[in-house]
Asks: 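First, the structure itself, so that you have it in front of you.
None of the values given here were measured: they were computed from a predicted structure. Ligands are counted one by one from 1 in listed order, and the atoms in each one are counted from 1 as well. Just so you know, these numbers use all the heavy atoms, side chains as well, and skip hydrogens, waters and symmetry mates. Along the sequence shown, residues are numbered consecutively beginning with 1.
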Amino acid sequence: MSNWPENIARKSIVEFSAYSARGGSTSALHLDANESPYAPPPVKGAEGYNRYPEQQPSALRQRLADLYGTNIERIMVGRGADEAIEVLLRTFCEAGQDNILICSPTFGYYATCAQIQGAGIIDVPLGKDYQWNNEAIIKAASNAKNLKVIFLCTPNNPTGTIIQDDLVEQLCERFPNVLIAVDEAYEEFSSAPSYTPKTKEFQNLIVMRTLSKAYALAGVRGGVAIADPRVIDLMLKVLPPYPIARPVEDAIMNALSPAAMSTHAARLTEWLSERDRMFEALQSSSFVEKVYPSEANFLLLDVKDDKKLMDELSPRQVKIRDYRKTTGHMRISIGSPEENTIALEAFGVSVPEVSADRIGETHRKTKETDISVRVNLDDPKVIKIDTGIGFYDHMLESLAKHSGIGLVLTCKGDLEIDAHHTVEDCALALGTALKQALGDKAGIGRFGFVMPMDETQARVAVDLSGRPAMTFKGSFPTDHVGEFPAEMCPHVFESLAQTLGAAIQIEVEGENTHHMIEASFKGVARALRPAFARSGTDIASTKGVI
Ligand SMILES: *Cc1c(COP(=O)(O)O)cnc(C)c1O
């Protein structure tokens, strides 16, 4: 089959030559595309917007190849996984002749695209416990004439089930002239590994991934198809010449910056624990007959008394997906802890009154540093620091541990120049995240104070006054600890005081620079601990605001 996949693509797609579009700006003089020579106002941040983008912006394509663990030529970037699905059908399905196979209930867009393209739809419904009916799928595929694509959505929307056997591999082997399209829109939430590596083994396997769900970019529109480069090349002929707008590329690159990945991971952990909480809690709702286990960020429900449930949901403005007409189910997405608690109230489930965790998140990206910080003042479980400076990691870990907070901080800084930017910018970002987490500061202690430690004496006082101030008394016997410049120690607390809005006073005496710096960090941490601690809702100020 030397002409695969041309032999299964639409004839007209194979025959026409792709629209020629340059796109992208190089150092050449571009007078070939009737573009404006001026960046649009406001010029700042809009540099390059006057030029057409590349069809597949190369930095973005590379980033997504890295993210999904594949090579750049196996990736097609489009406006969401939706566009990948649409382009797949437009490339391979001849109108009035070819067919796709779906397993309902599943994502509705496969059928929509088939209808628009004029392709037929063969449905082999899911069976018991919403598992795939392997034998029936193989039988239907063997009997079908002109079958081009089999869509398998795993985890499946809306059932949340995953394929647990070798169905995908079996289909790839038995039907070499059918594209086996595995939609992994919810893979990040699932315990199963991605099928991406198998696209190297099976030339007819195509995997869809999206940035809309786990990476919080639904409004940006970004998704990919991953497949054999020959399949991707054919699809690129069908994809419009400039699908990825430059602001979209910027937004995706920022959201997926290396430092941001630790924040995504921390959120995912919280998200999955919320899925567990909702799964348990919804079972005790009098409106719920059954909650289906899910490997995605939603739960499928069998409900009873649905009219009454609607009466509870609508005044609270809680919207859930209503599939009663088609499948008799409802589907609820897993929101933030606060949102989920409101939804549970509507379902008549009483949840213990707990105040939400105080979480702060900051992303700070400049030419020198790319920093992502997530603090949780009420859950010290996760502490993960990576600044690239070993000693600083150790100090920040100590700060988190002794102040009793959770801290995920990643920085990719210009350490090849020196430690200065990294150290300072991390402290600034940390202060910003802490301030955000403190919110209105209701119930906090505000003041903290600590006395000497070990043979080194550090006296530290802290007031979360809202007014930045820092004093540091002490001089270090040596100028460095590892790659960490000792002079940066007071600077860290100055930066922290500035963005946190706190008065920090430090006095340190000792004979060993390492001990003196460590005592300063621990001292500040110990002073912050009671200042962060929350009891009741009073504002610790006679003015009523801090
Ligand atoms: C949400 C969803 C998509 C669409 O993703 P976009 O990237 O936003 O287009 C694709 N497949 C399934 C199963 C989905 O649920």
Asks: With heavy atoms under 4.0 Å as the rule, classify the contact between Asp82 and ligand 1 as side chain, backbone, both or neither.
Replies: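 Under 4.0 Å from ligand 1, Asp82 contributes backbone and side-chain atoms.
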Asks: What residues, two or more places apart in sequence or in another chain, satisfy salt bridge (charged side-chain N to carboxylate O under 4.0 Å, His left out) together with Glu54?
Replies: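 Glu54 satisfies salt bridge (charged side-chain N to carboxylate O under 4.0 Å, His left out) with no other residue.
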Asks: Atom 5 (O) of ligand 1: which protein heavy atom is closest, and how many Å away?
Replies: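 Scanning the protein heavy atoms, the shortest distance from atom 5 (O) of ligand 1 goes to Thr210 OG1, 3.5 Å.
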Asks: Could Lys11 and Glu15 be called an ion pair, given the rule that one side-chain N must be under 4.0 Å from one carboxylate O?
Replies: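 Yes.
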Asks: Could you check atom 8 (O) of ligand 1 against the protein and tell me its nearest heavy-atom contact, residue, atom and distance included?
Replies: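 Answer for atom 8 (O) of ligand 1: Ser212 OG, 2.6 Å.
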Asks: Both conditions, 6.0 Å and 45 degrees, for the charged tip of Arg246 above the ring of Tyr49: are they met here?
Replies: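 The answer is no, since Arg246 fails at least one limit relative to Tyr49.
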Asks: Heavy atoms only, cut-off 4.0 Å: how does Tyr186 contact ligand 1, side chain, backbone, both, or neither?
Replies: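 For Tyr186, the contact with ligand 1 is made by the side chain alone.
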Asks: Quick one: does Glu83 get an N or O within less than 3.5 Å of an N or O on ligand 1?
Replies: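 Among all N and O atoms of Glu83, none is under 3.5 Å from an N or O of ligand 1.
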Asks: Hey, is Arg316 close enough to Glu312 for a salt bridge, meaning N to O under 4.0 Å?
Replies: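 Looking at Arg316 and Glu312, the cut-off is met.
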Asks: If you measure every N/O of Ile85 against every N/O of ligand 1, is any gap under 3.5 Å?
Replies: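 No; every N/O pair is 3.5 Å or more apart.
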Asks: Under 6.0 Å between ring centres, would you say that holds for Tyr52 and His30?
Replies: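 Here the rings of His30 and Tyr52 have centres that are no less than 6.0 Å from each other.
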Asks: Give me the nearest non-hydrogen protein atom to atom 10 (C) of ligand 1 as residue plus atom name, then the distance to 0.1 Å.
Replies: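 Its nearest protein heavy-atom neighbour is Phe107 CE2, 3.4 Å.
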Asks: Can you sort out the partners of Phe107 under ring-ring contact (aromatic ring centres under 6.0 Å, His included), two or more places apart, ordered by chain and number?
Replies: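 So Phe107 forms a ring-ring contact (aromatic ring centres under 6.0 Å, His included) with Tyr110.
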Asks: Pairs of nitrogen or oxygen atoms closer than 3.5 Å, one from Asp183 and one from ligand 1: do any exist?
Replies: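 Asp183 vs ligand 1: N/O contact under 3.5 Å present.
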Asks: Could you find the nearest protein heavy atom to atom 14 (C) of ligand 1 and give me its residue, atom name and distance?
Replies: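 For this ligand atom, the closest protein heavy atom is Lys213 NZ, 3.2 Å.
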Asks: Is the shortest distance from a heavy atom of Arg221 to ligand 1 less than 4.0 Å?
Replies: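 Judged by the 4.0 Å heavy-atom criterion, Arg221 does count as contacting ligand 1.
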Asks: Closest approach of Pro158 and Pro105, non-hydrogen atoms and distance?
Replies: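 Answer, listing the atom of Pro158 first, then Pro105: CD-O, 3.7 Å.
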Asks: Are Glu188 and Lys213 ion-paired here, with the side-chain N under 4.0 Å from a carboxylate O?
Replies: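 No salt bridge links Glu188 with Lys213.
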Asks: Non-hydrogen atoms of Cys153 versus ligand 1: any pair closer than 4.0 Å?
Replies: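 True for this residue.
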